[in-house]
Structure formats: C-alpha cells, structure tokens
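So the structure is just underneath, and the comments pick up after that.
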Amino acid sequence: QVQLVESGGGSVQTGGSLRLSCTRSGYTYSSNCMGWFRQTPGKEREGVAAMYITSGGGAYYADSVKGRFTISHDNAKNTVYLQMNSLKPEDTAIYYCAAEGPCDAHSWYWGYAYDYWGQGTQVTVSS
C-alpha cells in the first residue's frame, strides 16, 4: 500500500513562489509515475505535472503552468516536489499528489488512472 503526504501549501501574493512536497511510503510493483493535480470548488480536477521517479524520462506539464512550475524528485527522500513560481490567482486550488499513473504524453493528466492520492494541500494566491 502506497501512502502519500503533501506539505508546503500556503498563501502568497501574485508573483510569489511555493514548493510543494509529497513524501511517499510503501511499496508497489506497478508504475513509478507520480503526478500533481489541483482542484477548485465546482471545477474538475486538473492535471498539473507528472514524471517517472525511477528513470530519466521527461516530465509533463499542463499548458497553464509550463515555464512556471517544475516537478522533480529526490529518491533518497522518497519525495516528489512541485516548485511553483510566478504564481497567479488562478493557481489557487487544493493540490494533490498522486502515484501509480500512466505517465505518457496522452494520459498523464487522467486523474482516474492514478491509484493512490494524498490528502491535498491548499494553495492560495492573492492579487
């Protein structure tokens, strides 16, 4: 059983930065693809970024965050990060970490394809 715990959310002003962390525990035989998603009330969950944590494969990003967000991982710490720069009010959401996803260009953003989820961390960007 994989467990995911997010941290690092908070409140910042437009143009500010935050770094989210997702620490993973447990073991799985499946994919080692991990992703970040976000959701606001009344809207569908949106894929933000994803990457494999055990290979040199590339990362995937939503168009809305390309050039501003960076996903990375530290295998020694079993942690995946989401560095968020140049934050905008529209980035306000609950951010979720997810594991065991498809991690390919056509399906990385399919939330239902991920098997494990964290509890979420709130990010609020004020103008």
Side-chain angles (χ1 to χ4, degrees):
Q1 185 80 6
V2 174
Q3 292 182 322
L4 306 173
V5 178
E6 301 106 331
S7 61
S11 297
V12 296
Q13 292 187 327
T14 298
S17 298
L18 285 172
R19 188 178 78 159
L20 305 183
S21 300
C22 173
T23 300
R24 167 180 170 151
S25 61
Y27 181 77
T28 178
Y29 294 95
S30 301
S31 157
N32 286 301
C33 172
M34 295 189 68
W36 286 97
F37 289 76
R38 65 187 182 186
Q39 190 168 25
T40 54
K43 292 188 178 181
E44 290 191 2
R45 183 173 48 196
E46 174 189 21
V48 176
M51 72 180 302
Y52 276 116
I53 62 172
T54 56
S55 71
Y60 303 98
Y61 296 95
D63 288 343
S64 59
V65 306
K66 280 181 181 177
R68 300 188 298 122
F69 290 12
T70 303
I71 187 172
S72 63
H73 64 92
D74 184 335
N75 285 346
K77 297 181 178 180
N78 289 326
T79 300
V80 173
Y81 302 98
L82 185 68
Q83 178 66 44
M84 306 186 295
N85 298 328
S86 302
L87 282 162
K88 305 175 182 179
E90 51 263 45
D91 294 318
T92 296
I94 299 175
Y95 283 71
Y96 297 91
C97 174
E100 308 306 306
C103 255
D104 63 71
H106 304 291
S107 58
W108 69 268
Y109 49 86
W110 294 351
Y112 64 84
Y114 289 74
D115 293 333
Y116 301 99
W117 292 84
Q119 81 287 353
T121 185
Q122 177 71 46
V123 171
T124 302
V125 185
S126 58
S127 58

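- A side-chain contact (heavy atoms from CB on, under 4.5 Å) with Y95 holds for exactly one of Q39, E6, M84; it is M84.
- Under the side chain to side chain contact (heavy atoms under 4.5 Å, CB included) criterion, K43 pairs with T40, not counting sequence neighbours.
- Of the possible donor and acceptor atoms, none in the side chain of Y60 sits under 3.5 Å from a partner among the backbone N and O of S107.
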Report the C-alpha separation of I71 and Y61 in whole Å, then their side-chain angles, then the decisive distance to 0.1 Å, and conclude whether the side-chain contact (heavy atoms from CB on, under 4.5 Å) test is met. CA-CA 9 Å; I71 187 172; Y61 296 95; 3.5 Å; yes

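- Residues forming a side-chain hydrogen bond (donor to acceptor under 3.5 Å, both in side chains) with N85 (at least two apart in sequence, or on another chain): S17, Q83.
- Pairing each heavy atom of A49 with each of L82, the nearest pair is CB-CD1, 4.2 Å.
- No more than 12 heavy atoms of other residues, nucleotides or ligands lie within 6.0 Å of CD in E44, so this atom counts as exposed by the packing criterion.
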Scan the side chains in residues 120-127 for donor-acceptor partners under 3.5 Å anywhere in the protein, sequence neighbours excluded, and list what turns up.
residue	atom	partner	partner atom	Å
T121	OG1	G9	N	3.2
Q122	NE2	A93	O	3.4
Q122	NE2	T124	OG1	3.4
S126	OG	V12	O	3.4

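- If you chain together hydrophobic residues whose side chains sit under 4.5 Å apart, V48 and W108 never meet in one group.
- For N32 against R24, the heavy-atom pair with the smallest separation is OD1-NH2, 3.3 Å.
- Here the shortest heavy-atom pairing between V2 and A99 reads CG1-CB, 4.3 Å.
- Using a 4.5 Å heavy-atom threshold, the side chains of M34 and H73 count as separate.
- Scanning all heavy atoms of the two residues, the minimum distance from E46 to S64 falls at OE2-OG, 3.3 Å.
- Each of Y112 and Y116 belongs to its own hydrophobic cluster when Ile, Leu, Val, Met, Phe, Trp and Tyr are linked at side-chain heavy-atom distances under 4.5 angstrom.
- K77 is not listed as a side-chain neighbour of T23, based on a closest heavy-atom distance of 4.5 Å or more.
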Working for side-chain contact (heavy atoms from CB on, under 4.5 Å), residues W36 and C97: CA-CA 5 Å; W36 286 97; C97 174; 4.0 Å; yes

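- Summarising the local packing, CD of Q119 is surrounded by more than 12 heavy atoms from other residues, nucleotides or ligands at distances under 6.0 Å.
- Residues satisfying the ring-ring contact (aromatic ring centres under 6.0 Å, His included) test with Y96, not counting sequence neighbours, are none.
- Using bins of under 30°, 30° to 60° and over 60° for the plane-to-plane angle, the ring pair Y114/F37 lands in the perpendicular bin.
- Legend: residues meeting side-chain hydrogen bond (donor to acceptor under 3.5 Å, both in side chains) with S21, ordered by chain and number and at least two apart, are absent.
- The hydrophobic cluster containing Y109 also contains W117, counting ILVMFWY residues as joined when their side-chain heavy atoms lie under 4.5 angstrom apart, directly or transitively.
- Two residues are said to be in side-chain contact when any heavy atoms from C-beta on lie closer than 4.5 Å; I53 and V80 meet this criterion.
- For R68, the side-chain hydrogen bond (donor to acceptor under 3.5 Å, both in side chains) partners at least two apart in sequence or on another chain are D91.
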